[in-house]
Amino acid sequence: MAQLSSNLLYISFFIYFAASLVFAISLLGKKWRKSDEETHAKKWGRGGFILSTVGFLFQLGYFITRWIAAGHAPVSNLFEFTTFFGMTMVFAFLMIYVIYKSNVIGVFAMPVALIIIAYASVFPSEIQPLIPALQSNWLKIHVTTAALGEGILAISFAAGLVYLVKKVNQEKASKSTFWLEAVMYTLISTIAFVIISLSFEAAGYSSTYDFVDNNDQPATVEYTIPTLIGPTDATYVSGNEFGPLVDAPSWMKGEKAAQKLNTLVWSMLGGFVLYWIIRLILRKRIGAALQPAVKNVNEELVDEIQYRAVAIGFPVFTLGALIFAMIWAQVAWTRFWGWDPKEVWALITWLFYAAYLHLRLSRGWQGEKSAWLAVVGFIIIMLNLVVVNLVISGLHSYA
Amino acid sequence: MSNKTITCECGHVNPYGTEICEACGKPLQGDLESKKLLNMRYEGSARRSQTYKTTIVDKVWNFFSSVKVGIWIIVLLLVASALGTIFPQEMYIPPLSDPSEYYRDQYGIPGQLFYDLGFHNLYGSWWYMLLIAALGLSLIVASLDRFVPLYRSLRKQRTIRHESFMKRQKYFGITNIEGDKPSLSKVKEVLQNKRYNVREEDGHLFAEKNRFSRWGPYVNHIGLIIFLIGGMLRFFPGMYVDEVLWIKEDETRKIKGTEEAYYLKSDGFILETYDNNDEKFKDAIEQSGQEVVAKNYQTDAVLYKQVGDRIAGTEPELEKIKEHPIQVNRPLKFDDYAIYQVDYKLNELQSMTFTLDKKETGESFGELTIDLYNPEDEYALDEGYRVEVMDYFPDFEFNDKGEPTTKSKIPNNPAFILRMISPEHPDGEVAFVAIRQNLEPLGENEYKMSFQNVDTKNVSGLVVRKDNTLWILGIGGAIFMIGVVQGMYWNHRRIWVRRKDDELWIASHTNKNWYGLRRELESITEQTGIEMPQDQSEQK
């Protein structure tokens with residue numbers, strides 16, 4: 001059953017990939033067109049939608065079979081949560097597509113969902129037993145609702161990105177073009193991170209070091225990607241004999257700080273290389289290269305979708321990530337609120353979207369300003385997923 | 001406040017500061033002939049913050065009524081909250097560590113800075129509290145400033161609106177009437193089919209729907225205010241209890257915080273772990289690098305209630321209320337209280353047993369068991385033999401001066417100074433006895449204490465909690481959600497239709513989602529034969 005489950009996930013991943021391509025084709029009317037533009041977009045758009053739906057059903061199959069195999073809702077560690085987050089994003093996209101029939105959202109939303117699911121694959125995917133704190137019905141209620149809220153909010157990011165790609169003036173370099181490229185670079189770095197992690201894992205890369213930790217205790221650390229940055233005064237023990245090229249700065253003293261910094265540097269370098277390869281091929285900014293593809297996009301509609309996704313996602317997020325979270329925390333941890341980093345970041349996300357809604361509804365921030373806010377909101381959500389779980393340790397560090 | 005009022009030509013008396021007559025919609029300020037669109041925010045009603053700006057009270061009110069200020073407070077709270085997560089808060093660092101050293105040792109200079117700025121206790125700091133208070137004030141003032149005049153305006157609005165009011169709406173159009181088309185009754189019917197609430201007066205129509213959605217923001221703000229009040233109430237006595245209760249197997253203890261009314265007995269603590277060879281989980285357990293993964297922490301508890309008053313010096317009379325296995329996620333609940341499984345200690349030392357032996361022959365002259373929580377002064381053994389406890393260190397260590405001392409009252413590392421009294425040594429021989437240690441500080445002895453065994457027990461760490469604010473928080477949260485949905489998913493739309501000679505005027509307004517309003521107007525005009533009103537904001 002577990003094997004079937006992971007096969008279903010693989011299949012859905014490739015179908016999502018195909019769906020992204022089909023949506024892209026629906027947009028690139030000129031080159032591929034055999035019929036007039038409208039029929040073309042309609043035809044390929046429907047194809048993309050059907051593929052996305054089929055992919056979603058396969059992923060649903062993964063989810064259900066894994067649930068049966070594990071005996072608990074598969075949302076209990078980082079691998080399971082991140083895959084599920086990707087799935088809710090696809091689900092949210094499908095809902096939005098049914099309402100607005102917008103192909104261009106698919107072109108941006110499906111690849112983002114794809115990157116999220118790929119990112120999940122770097123975490124251990126074995127079925128884990130539930131520790132006592134997680135043995136509750138609130139696990140499925142709280143986590144799925146929170147993930148759904150975030151999935152819907154992620155659609156507003158996709159819509160915001162479309163808006164910015166269309167509206168940011170690409171004729172000359174500006175702050176806007178810089179930050180838009182920064183967003184592109186971040187997405188590409190995530191892909192680079194996945195590629196680097198999975199390739200070195202496949203190659204069986206490993207080096208082990210001894211060092212002295214913060215409490216002056218001897219400790220050992222295993223690197224699974226080449227060591228650019230090692231722990232302070234580390235000695236090589238076994239495995240691949242590369243590096244470290246430099247020691248981590250001595251003030252960085254968090255748990256496994258050097259290893260995390262090493263991974264970050266690898267991702268950024270990998271992203272840098274990948275980004276510039278793409279830019280050299282395109283011979284212009286990625287934003288500029290994408291712009292012609294979205295020139296016929298109805299920007300008002302995209303702006304509307306971006307707002308609508310927040311309008312739906314915000315209450316769902318509030319319910320799942322704050323209200324249900326508080327109820328469960330009261331049952332499991334004796335208090336509904338304890339300033340655990342994950343709780344705080346859920347509050348930060350909530351405050352941010354509250355500010356977004358006030359700015360939009362009360363101070364008239366629409367269009368470009370609103371699109372930037374949607375991008376920042378998604379960055380906060382990703383920070384909460386990536387940084388808070390991996391870098392800041394707290395009660396939610398389950399994987 | 002001033003008693004000044006503005007009387008409109010329609011006879012309605014408006015509060016001072018009103019921009020658009022509440023009743024007929026006639027613009028009361030500016031040029032009547034102006035073509036500029038009316039500012040319809042809050043219906044042009046007299047908001048206190050826009051009207052009175054002189055006194056200190058006015059200024060404070062105006063400050064907190066501003067949405068801009070509210071957003072700034074939100075952003076400041078957001079940034080402050082994020083700062084507090086850079087390093088763990090004080091409550092999450094190891095319990096016995098000294099924060100002034102911990103942050104520097106663990107995180108270096110940034111850690112020291114974090115501590116020096118007081119960020120280790122950020123969420124309890126006065127300035128964070130002040131920010132939350134400011135947010136609460138902003139919620140109240142901003143809501144009142146808008147809700148009261150808006151409510152008045154919408155309640156007083158009349159069917160017939162001033163011509164100038166209609167002309168200066170975003171959507172406005174004129175259709176010539178030819179014969180009986182378009183007919184007012186048809187328009188009315190179509191509007192009613194679209195679930196509009198239609199009023200008719202002298203051949204004029206006023207259609208309105210979803211006015212309740214205008215109250216959504218105020219409802220959700222009320223929910224938040226109730227939530228914040230609920231959060232404050234825990235600081236009042238009697239609302240909130242949070243006590244730690246350590247209880248040993250087979251022990252019965254008063255439950256702290258329950259005013260001595262309840263007692264808890266532990267029938268044992270159970271720790272279960274997953275089978276490392278379990279087919280389903282073995283890969284994950286191996287991958288995690290942990291030796292075992294916990295499956296269950298459980299205290300088999302029995303709850304007792306004291307019957308009648310306790311007479312000093314006697315055991316209380318207890319009545320059994322219920323048995324409940326307290327597990328994580330399954331607290332024992334009674335009255336307003338809940339008891340949670342939060343911690344445990346396995347095999348905690350309870351007592352140590354020794355024999356008094358003569359070194360030379362190995363002959364034993366009796367056995368003594370010392371209760372580590374309550375040692376006796378003296379233990380009588382065989383005739384003529386006894387042992388006196390001269391000193392006891394439950395958690396033994398040497399202090400800076402090299403003297404024996406105890407770290408705590410928990411017998412983690414018990415040590416004794418004992419005087420062994422025998423017929424040969426009526427004044428006794430002194431022995432220092434600790435785990436795997438036997439010293440003779442005052443010279444060599446003839447007798448010794450021989451360690452026999454220890455008795456251990458599992459101890460459950462429980463938390464006793466009462467939180468009478470929870471239901472208030474629940475109500476606040478529910479009201480917030482209702483308000484958000486109410487305000488977000490419906491739109492307040494109004495359509496005015498006015499017959500002027502052989503023209504039919506139509507004007508329309510919505511508080512948000514103009515895109516939706518336009519689609520609805522398109523459908524209405526198509527069905528009635530009215531010309532689609534123009535979006536006047538686009539005509540430049």
Side-chain angles (χ1 to χ4, degrees), chain A residues 2 69-71 77 124 126-136 138 214-215 250-254 300-301 304 311-312 314-315 318-319 322-323 326-328 330-341 344-345 347-348 351-352 354-355 357-359 361-363 388 392-395, chain B residues 67-68 70-71 74-75 77-78 81-82 84-89 91-92 105-111 122-123 217 231 242 274 278 280-281 283-288 293-297 327-331 338 340-342 463 465 467 470 473-474 477 480-481 484-485 488-489 512-513 515:
Chain A
N77 61 23
E126 290 87 3
I127 292 177
Q128 280 180 338
L130 287 187
I131 58 166
L134 293 180
Q135 294 166 13
S136 166
W138 288 105
N214 303 330
N215 305 320
S250 59
W251 53 264
M252 282 191 72
K253 290 186 166 185
E300 261 179 60
L301 183 72
E304 166 76 14
I312 301 169
F314 178 73
T318 311
L319 200 63
L322 291 169
I323 296 182
M326 285 190 211
I327 297 175
W328 190 13
Q330 180 72 30
V331 176
W333 293 333
T334 81
R335 80 291 178 289
F336 61 88
W337 192 260
W339 300 107
D340 173 68
V344 175
W345 277 88
L347 176 69
I348 290 171
L351 287 171
F352 181 83
L357 288 168
H358 283 93
L359 284 168
L361 296 174
S362 206
R363 306 217 42 96
V388 174
I392 303 172
S393 64
L395 294 169
Chain B
V67 172
K68 211 180 196 169
I71 294 170
I74 292 177
V75 171
L77 261 176
L78 190 159
S81 304
T85 63
I86 296 175
F87 298 127
Q89 289 290 297
M91 58 204 154
Y92 289 116
D105 291 350
Q106 291 291 310
Y107 307 103
I109 296 159
L122 187 145
Y123 307 111
D242 178 14
Y274 285 96
D278 184 298
K280 201 168 20 173
F281 299 131
D283 292 347
I285 295 173
E286 198 185 308
Q287 205 276 336
S288 75
V293 176
K295 186 182 189 178
N296 184 25
Y297 305 117
Q327 295 171 310
V328 179
N329 274 310
R330 279 152 200 89
Y340 298 85
Q341 176 69 51
V342 292
V463 159
R465 175 97 39 166
D467 193 344
L470 289 180
L473 301 176
F480 171 79
M481 288 304 292
V484 167
V485 170
M488 205 104 86
Y489 300 144
K512 61 183 191 314
N513 190 3
Y515 181 77

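Chain naming here is simple, since letters A, B, ... match the order of the sequence lines and numbering starts at 1 in each.
- Your options are A:L361, A:L359, A:L351, and the one with the most heavy-atom pairs under 4.5 Å with chain B is A:L351.
- Closest heavy-atom contact between B:F281 and A:I127: CD2-O, 3.4 Å.
- Here CD of B:Q341 is found 12.0 Å from OG1 of A:T334. Values are rounded to the nearest 0.5 Å.
- Between the CD atom in A:Q330 and the CG atom in B:L470 there is a gap of 4.5 Å [rounded to 0.5 Å].
- In this structure, B:T85 OG1 and A:L347 CG are separated by 11.0 Å, a value rounded to the nearest 0.5 Å.
- Listed here is the closest heavy atom pair of A:A332 and B:V328: O-CG1, 4.2 Å.
- When every heavy atom of B:K280 is checked against every heavy atom of A:A70, the shortest pair comes out as NZ-O, 3.2 Å.
- To the nearest 0.5 Å, the span separating CD1 on B:I285 from CD on A:E126 amounts to 11.0 Å.
- Ranking A:A354, A:S362, A:G71 against chain B, the residue ahead of the rest is A:S362, based on heavy-atom pairs under 4.5 Å.
- Both the backbone and the side chain of B:A294 come within less than 4.5 Å of a heavy atom of chain A.
- Residue B:L473 touches chain A through its side chain alone, counting heavy-atom pairs closer than 4.5 Å.
- Ranked by non-hydrogen atom pairs under 4.5 Å with chain A, the options B:A82, B:G70, B:P217, B:G477 are led by B:A82.
- With B:Y123 contributing its side chain and A:G338 its backbone, the two residues share no donor-acceptor pair below 3.5 Å.
- Ranked by heavy-atom pairs shorter than 4.5 Å toward chain B, the options A:V344, A:I323, A:L357 are led by A:V344.
- Of all the heavy atoms in B:N329 and A:V331, the pair that sits closest is O-CG1, 3.3 Å.
- Here the closest heavy-atom approach between residue B:A284 and residue A:P129 is recorded as CB-CD, 4.3 Å.
- With rounding to the nearest 0.5 Å, the separation of CG in A:L130 from CG in B:N296 is 12.5 Å.
- Atoms OH and CD1, on B:Y489 and A:I312 in that order, are 5.5 Å from each other to the nearest 0.5 Å.
- Interface residue B:L78: backbone and side-chain heavy atoms are both found under 4.5 Å from chain A.
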Next item on the list: Tell me, with the steps shown, if A:R335 and B:D242 meet side chain to side chain contact (heavy atoms under 4.5 Å, CB included).
Entry: CA-CA 9 Å; A:R335 80 291 178 289; B:D242 178 14; over 6 Å; no
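- Of all the heavy atoms in A:Q135 and B:K295, the pair that sits closest is NE2-O, 2.8 Å.
- Interface residue B:Y515: only side-chain heavy atoms are found under 4.5 Å from chain A.
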Item checked: Residue pair B:N513, A:E304: steps toward the side chain to side chain contact (heavy atoms under 4.5 Å, CB included) verdict -> CA-CA 9 Å; B:N513 190 3; A:E304 166 76 14; 4.2 Å; yes
